[in-house]
There are 2 protein chains.
Amino acid sequence: MSEDNGSHLRLPDHRVGFITSADVAERAGVSRSAVSRTFTPGASVSPTVKRKVLAAADELGYRVNRLARGLISARSNLVGIVCADLETPFTGRLLSHITTALSQRGMNALVIEFSENEEDLRDAIIRILEYRVESIVMLSGSPSVSIIRECVANGVKPILVNGDTTVSGAFSVVSDDFTGAAKAADRLVAAGHRHLAVVASASSTPVQQRRTMGFVKRAETLGLTATITLNGPVSYESGVAGAHALFGTRLDQRPDGVFCTSDVLAAGFLDALRTTYGLQVPDDVSVIGFDDLPQAAWENYRLTTLRQNPVDMSRAILAAIRNIDGSADRSVVVDVTLVDRESVRA
Amino acid sequence: MSEDNGSHLRLPDHRVGFITSADVAERAGVSRSAVSRTFTPGASVSPTVKRKVLAAADELGYRVNRLARGLISARSNLVGIVCADLETPFTGRLLSHITTALSQRGMNALVIEFSENEEDLRDAIIRILEYRVESIVMLSGSPSVSIIRECVANGVKPILVNGDTTVSGAFSVVSDDFTGAAKAADRLVAAGHRHLAVVASASSTPVQQRRTMGFVKRAETLGLTATITLNGPVSYESGVAGAHALFGTRLDQRPDGVFCTSDVLAAGFLDALRTTYGLQVPDDVSVIGFDDLPQAAWENYRLTTLRQNPVDMSRAILAAIRNIDGSADRSVVVDVTLVDRESVRA
DNA sequence: CTGAAAGCGCTAACAG
DNA sequence: CTGTTAGCGCTTTCAG
C-alpha cells in the first residue's frame, strides 16, 4: 500500500535488488523465523507478531523467494509441461486449463516446447528436471522408455496425456478415442450409411491409431468395411488430400459416411468436397470429426464431432500430480461425447 | 549412458531424492567447486578433472539444481509469461515462438494465465515475481500503472506485447496495427470500394482501437467515411453479429468494402454474409481480416488479411529481455504485411 | 509462541 | 588450475 519513500532502513550493503526476510525481520523487530512463519501457511505465530511482520513486509515490498524456499523444502511448486505443438488448437486449450488449475493450487507451469524428435524431447526433460519440478506433464510426443526411466530416476513420474497407454512407469490420461471413434461409426451407420471411410493423418501417433482402429473395428463388428486414407500431418491440407484420395478416382467406390480423426482434417475434407467435387454435406456425404474445436461450430461446417473434454482431462492430470507418490501406474480414460450438429444425414 | 546399477556410493543418509554436486565430487575424487566449474560454461577446469566429473555425474545421474544456482547468482533463467487467453489462436502461436526462442538461449518460460481482471493479473505477477524471473512478458491485458510499478520495484521491467504503447516504465513490442489497418483501407479503395465499414470487437483493447482508428483515419484522408460496428469479444459470433448490424437493416446503406479487425471476426462475418444474406465475397462485398490465422488460408475463406509476424515479434521480445538493464523505455513496432487472397475484388 | 543455529545445493572469492 | 571458505534466502529443529 504505502509508497516506498526512500526511507530504506539499511538495505544490505551494496545490493539494490530484492528485499529479504532479514530486511523484514529487522524492520519488524523480530527474528527471521518469525517472518518465515508468517508466510508459511499453518505455522504458529502470534497475531501480534504476524501483524507487525505483515506491515513491515508491505512497506518494504517483500516477496518470498521461492527459489530459496524450494531449495530447503525440496518442493518447487513447479510443474513441467512439455509439448511439441503449442499451436495445435486442442493442445493450447488443454494447456490453458492446466495452467489455470495449477494456479488455483498455488503451483506454476514451466512450459517447454520441443520439435518432436527424441533428442529434443530429452533435452527438454533434462532442463525441466533441473528446476526440480514436482512432476512432468507430456502433452505430446511419445517418450521412449529410456526417457521415462530418466524421469523416474530423478524422482518424478511423468504424466502422459493422450499418449501411448501401454507404456509403463508413467501415469496416463487419455481421451477415450477408441470408444469415441466407435460412436462415430454407430452414428454413421444409424444414418443409413454403408460405405464407410476414415480420413486420418499419416503421423501414426497413438491418438491417430486409436481413433482409426476404434472406427474400423466397430465397423467390422457391424459387418462393414471402412476404407482408410492416411495423409500428412494433422492439418487442413491433409483433410483436402483425404478428399482427393477418396473422391478423386472411381465414382463407384465413393464412401457416403466419412469419419475424420480430427476436426482440422474434417474442415479441409469438407471444403474440398464442396469446392472440388460439388458434393453437399450431409446430403451427399455425411462427415464426423473429432475434438470439437471452435471451428466445428462455425456456420460453414456445423460439424458433428466427438468432444474431448479438456476440463475433465486437466482435472485428471491434477489428480495425478497430487497423487504422484502413489507407486502404481495409473491410467485415466476420459469420456468423449458425441455432439450432433448438421454434418450427418438425419 | 551407464545404468545406475544400485552401487550408490553413499547416498546422503536417509534421503532418496536427488543427487547433489557433493555426491559427484566424492565419486570423482575432486572438490565440489570442480564439479560446479565443470557445469559452468566458460569456467576453467582441466580436461582430466572435467572428464572424471562428467563420468561420475553420468553414472550417478546428476543434474544441476537450478534453484540453488539461481539463489546465488540471482539469475533464475526464468522468464514469466502472463496471458489471459491462451486459447486465442495468435496468442498460442506467439507463446510457441517465445518458448522456443527462450529455450535456445537456455532460458525457460513460467506461464501463468489470468482471467482478465486486474486483481487476477496482480496475483499472477506477484507469483511470478516470487520465482525471481528475469523479466515478465505480458501477452495480453493492459496492466495498470500500479502493477507496472510493482514489477519495476521488484527489479523486473515488464514487456508489453500488443498492449498499450503509451504506458511508461515498460518495454513495448507491438504489431503495426495502425499502418496495417491503413493498408486495408488503401486496398479496399483501390479495388473501387467507396462504402467502407469496419467490424470490430466491443472489447476496446489497445489493439482493437489501433486497428479501428488506423482504418478510419486512412479512410478520412481519402475523403471517405467508414461505418463502425462494435460487437462482443473477439470471436466468430461477434463477426456474425457484425454482419447483422451492417446488413440487417436498410438496403441502401450497405457497405461494399469491409475491414474486420481480426480473422476470427472475418470468418463469422463472411459466413453470415453468405448464409443469411446470400451475398458473395468478393463479388458483392470485399472483406479484409487481420492476423493471418491458419483459417484465413482455408478454401472456404481465402481471406485477404494483414499478417502479424510472430517470428519478428518474438525476436524483439527476446532482444528486450536481454537488454533489460537498458534503463530507457523502448518500443518496437513490428511490420505487418498484406497477404492477398481472394476476398477482395480484383 | 519465539529466537538461535544449522543447513538445503550451489557458486564465487580467495589462496595456494 | 584447484580446493577451501563463505554465503545466496529460506525453513526448520531445538531450546527457551
Comparing A:Ala68 and B:Ser46 on DNA chain D - which has the more 5′ nearest nucleotide: B:Ser46
Any donor-acceptor pair under 3.5 Å linking the side chain of [X] with the backbone of [Y]?
{"X": "A:Asp58", "Y": "A:Ala55", "answer": "no"}
{"X": "B:Glu134", "Y": "B:Val79", "answer": "no"}
{"X": "B:Asp120", "Y": "B:Phe114", "answer": "no"}
{"X": "A:Arg322", "Y": "A:Leu318", "answer": "no"}
{"X": "A:Glu87", "Y": "B:Gly92", "answer": "no"}
{"X": "A:Ser96", "Y": "B:Leu86", "answer": "no"}

Give the rounded distance in Å between these two atoms: [atom1] of [X] and [atom2] of [N].
{"X": "B:Leu129", "N": "D:dG9", "atom1": "CG", "atom2": "P", "value": "15 Å"}
{"X": "A:Asp23", "N": "D:dC8", "atom1": "CG", "atom2": "P", "value": "11 Å"}
{"X": "B:Leu67", "N": "D:dT11", "atom1": "CG", "atom2": "P", "value": "13 Å"}
{"X": "A:Lys50", "N": "C:dG3", "atom1": "NZ", "atom2": "P", "value": "15 Å"}
{"X": "A:Asn65", "N": "D:dG9", "atom1": "CG", "atom2": "P", "value": "8 Å"}
{"X": "B:Phe39", "N": "C:dG9", "atom1": "CZ", "atom2": "P", "value": "16 Å"}
{"X": "A:Glu130", "N": "C:dT11", "atom1": "CD", "atom2": "P", "value": "10 Å"}
{"X": "B:Leu71", "N": "D:dC8", "atom1": "CG", "atom2": "C1'", "value": "4 Å"}

Write down the protein N/O and nucleotide N/O pairs, taken from nucleotides 13-16 of chain D, whose separation is under 3.5 Å; answer none if there are no such pairs.
none

Short side-chain N/O contact from B:Thr20 to OP1 or OP2 of C:dG9, under 4.0 Å: no
What nucleic acid atoms does [X] come within less than 4.0 Å of, heavy atoms only: base, sugar-phosphate, or nothing?
{"X": "A:Tyr62", "value": "sugar-phosphate"}
{"X": "A:Val45", "value": "sugar-phosphate"}
{"X": "A:Val49", "value": "sugar-phosphate"}

Pair listing, ring pair (Phe, Tyr, Trp, His ring centres under 6.0 Å) test, anchored in residues 25-51 of chain A, at least two apart: A:Phe39-A:Tyr62
Candidates C:dG9, C:dG3, C:dT11 - which lies nearest the side chain of A:Ser31: C:dG3
Pairwise 5' ranking along DNA chain C for A:Ser44 and A:Ile72, keeping only the more 5' one: A:Ser44
